[in-house]
Amino acid sequence: MALDAAAPSSAGGGGGEDEAVRPLLPAEAEEELDATYAPYARRDAYGTMGRGPLRATRRVELYLRAALLVPLRFVAGMLLLVAYYLVCRVCTLFVDEVAEEGRPRLRGWRRVAVVRAGQGLSRAMLFVFGFYWIRETHRSYPNAEDVHQGQSEELELPGAIVSNHVSYVDILYHMSVSFPSFVAKESVSRLPLVGLISKCLGCIFVQRESKASDSKGVSGAVTERVQEAYQDKNSSMMLLFPEGTTTNGDYLLPFRTGAFLARVPVQPVILRYPYTMFSPAWDSMDGARHVFLLLCQFVNYIEVVRLPVYCPSEQEKEYPKLYANNVRKLIATEGNLILSNLGLAEKRVYHASLNGNSCAIHQKDD
């Protein structure tokens with residue numbers, strides 16, 4: 001039964017005999033859809049949207065895993081979540097909030113308790129999800145030949161962690177190691193349990209449907225927090241996913257410049273999720289089904305490559321877009337990722353094409 005018990009040789013492992021079910025599109029439109037939206041294509045045993053047909057034996061195996069693993073892991077995960085909520089509740093008693101940000105002003109033992117408990121319980125949550133081992137590689141010298149040679153030899157404190165974005169599991173990993181702040185939807189702050197935890201993390205809350213004028217304010221808030229983390233080692237670094245969305249883990253989308261406007265060093269991190277049957281990448285599947293199938297895996301794998309702190313040159317400080325592009329190129333080279341020019345708007349079209357079974361692949365979101 002333990003088809004996923006041995007670590008696969010590569011992250012692109014397919015589902016073997018179980019082929020992915022594709023939407024009923026004309027042949028030419030389907031071929032163009034595959035080529036254009038490759039960063040969001042699932043290639044695991046469960047197929048498109050995670051609803052592909054399985055052989056009878058694998059279907060029975062899935063039912064057994066669901067019966068054995070999901071209840072235990074769900075209960076364990078909820079206990080960890082409640083435990084951390086209680087830690088945050090105790091540490092925020094009689095604490096003032098930071099003006100205009102809504103996050104508690106944690107100092108001294110309160111901050112130490114929140115950080116240490118957060119790191120430990122995040123690692124425990126990864127264990128519950130089946131990530132028993134995490135393979136980490138620290139690279140001292142980049143392999144990319146075309147990276148500028150103006151890097152400072154002095155060890156500098158980064159203001160932000162920049163990482164490719166594959167799954168919501170990314171956040172759990174970064175919390176277990178660095179415990180950074182990150183950008184989240186405003187609705188997260190109102191969720192039971194998670195709302196208080198996200199505030200203790202120092203999240204910057206945004207409304208995804210907001211207009212450009214509001215996004216400028218978010219960019220300014222992110223820049224201030226990145227600069228604060230760079231100047232004060234006691235401040236939490238920002239965790240930023242410059243792609244702005246998740247992919248299947250084999251591609252790297254264009255970087256937004258928000259992480260680089262502060263003109264300070266950043267810590268590049270590359271995440272990969274090898275798999276044999278179910279891919280932990282959260283690309284074209286609804287959240288509830290993805291969590292369910294992830295919990296059904298006996299073992300899940302994560303590989304991490306931590307690159308040296310990237311110190312921008314004077315030219316990169318002057319042109320954040322250049323800074324972003326150079327860091328993106330470095331991450332793609334070091335992580336063997338394919339550069340894609342596909343943007344967030346096209347992902348929404350891809351999902352609409354799959355859900356609506358249409359071939360309107362040339363539409364764009366304005």
Side-chain angles (χ1 to χ4, degrees), residues 11 39 134-167 169-183 222-223 225-230 233 235-274 281 302-317 319-341:
I134 297 177
R135 179 182 176 184
E136 287 191 350
T137 302
H138 294 258
R139 293 191 181 163
S140 300
Y141 302 99
N143 296 326
E145 297 179 356
D146 51 357
V147 177
H148 71 79
Q149 300 300 316
Q151 299 277 16
S152 171
E153 295 182 359
E154 296 182 1
L155 180 61
E156 291 201 48
L157 183 70
I161 299 169
V162 293
S163 172
N164 62 318
H165 201 9
V166 184
S167 174
V169 180
D170 301 350
I171 296 176
L172 282 175
Y173 165 75
H174 286 293
M175 284 182 61
S176 70
V177 176
S178 307
F179 202 77
S181 304
F182 52 90
V183 178
V222 169
T223 300
R225 293 283 291 279
V226 171
Q227 291 174 335
E228 177 184 338
Y230 175 64
K233 66 178 182 180
S235 297
S236 297
M237 284 190 294
M238 287 295 300
L239 167 62
L240 297 169
F241 300 108
E243 295 170 281
T245 187
T246 54
T247 68
N248 59 18
D250 295 325
Y251 292 79
L252 198 64
L253 302 181
F255 277 10
R256 300 177 180 182
T257 58
F260 309 95
L261 294 175
R263 305 177 180 181
V264 303
V266 297
Q267 171 73 70
V269 177
I270 305 166
L271 302 177
R272 299 295 295 261
Y273 294 86
I302 181 172
E303 296 178 351
V304 182
V305 177
R306 303 183 70 85
L307 301 179
V309 174
Y310 190 105
C311 302
S313 64
E314 291 302 318
Q315 187 179 21
E316 288 171 328
K317 291 179 181 179
Y319 300 100
K321 186 64 177 177
L322 174 65
Y323 187 7
N325 288 338
N326 285 344
V327 174
R328 177 180 180 239
K329 190 174 182 180
L330 174 64
I331 290 177
T333 301
E334 294 295 307
N336 294 319
L337 302 176
I338 303 171
L339 294 175
S340 171
N341 292 324

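If you're wondering where the values come from, they're calculated on a predicted model, not measured in any experiment.
Taking every heavy atom of both residues into account, Ser167 and Thr246 meet most closely at N-CG2, 4.0 Å. Scanning both residues, Ala229 and Leu157, for their nearest heavy atoms gives O-CD2, 3.4 Å. Scanning both residues, Thr245 and His165, for their nearest heavy atoms gives O-CB, 3.4 Å.
Taken from OG1 in Thr223 to CZ in Phe260, the straight-line distance is 11.5 Å, to the nearest 0.5 Å. Distance check: Phe255 CZ to Leu339 CG gives 9.0 Å after rounding to the nearest 0.5 Å. Note: Tyr173 OH to Leu239 CG = 11.0 Å, rounded to the nearest 0.5 Å. Of the inter-residue distances, the one linking Tyr251 atom OH with Glu243 atom CD reads 13.0 Å to the nearest 0.5 angstrom. One finds the OG1 atom of Thr137 at 9.5 Å from the CD1 atom of Ile270 (value rounded to the nearest 0.5 Å). Put simply, CD1 on Ile331 and CG on Asn326 are 11.5 Å apart, with the number rounded to the nearest 0.5 Å.
Two residues are said to be in side-chain contact when any heavy atoms from C-beta on lie closer than 4.5 Å; Pro265 and Cys311 meet this criterion. The shortest distance between side-chain heavy atoms of Leu337 and Thr247 does not fall below 4.5 Å. Counting only heavy atoms from C-beta outward, the side chains of Arg328 and Val162 never approach each other to under 4.5 Å. At a threshold of 4.5 Å between non-hydrogen side-chain atoms, the residues Arg225 and Ser181 count as touching. Residues Asp170 and Tyr273 are in side-chain contact: their nearest non-hydrogen atoms beyond the backbone lie under 4.5 Å apart.
Counting only distance, with no hydrogens or angles, the side chain of Asn164 and the backbone of Leu271 share a donor-acceptor pair below 3.5 Å. Not a single donor-acceptor pair under 3.5 Å links the side chain of Tyr323 to the backbone N or O of Thr257. Of the possible polar contacts, none joining the Gln267 side chain to the Tyr310 backbone as a donor-acceptor pair under 3.5 Å is found. A donor-acceptor pair is defined here as one N or O able to donate and one able to accept, closer than 3.5 Å; such a pair exists between the side chain of Arg272 and the backbone of Gly335.
Pairs engaging residues 259-269 under the salt bridge (charged side-chain N to carboxylate O under 4.0 Å, His left out) rule: none recorded [sequence neighbours left out].
Partners of Ser235 according to the side chain to side chain donor-acceptor pair (under 3.5 Å) rule, which considers only residues two or more places apart in sequence or in another chain, are Glu228, Asp232. Qualifying salt bridge (charged side-chain N to carboxylate O under 4.0 Å, His left out) partners for Lys317, counting only residues two or more places apart in sequence or in other chains: Glu314.
Within a 6.0 Å sphere centred on CD of Gln315, other residues, nucleotides and ligands contribute 12 heavy atoms or fewer.
Paired with Phe182 under the rule side-chain contact (heavy atoms from CB on, under 4.5 Å), one option of Leu240, Ile171, Ile161 passes, and it is Ile171.
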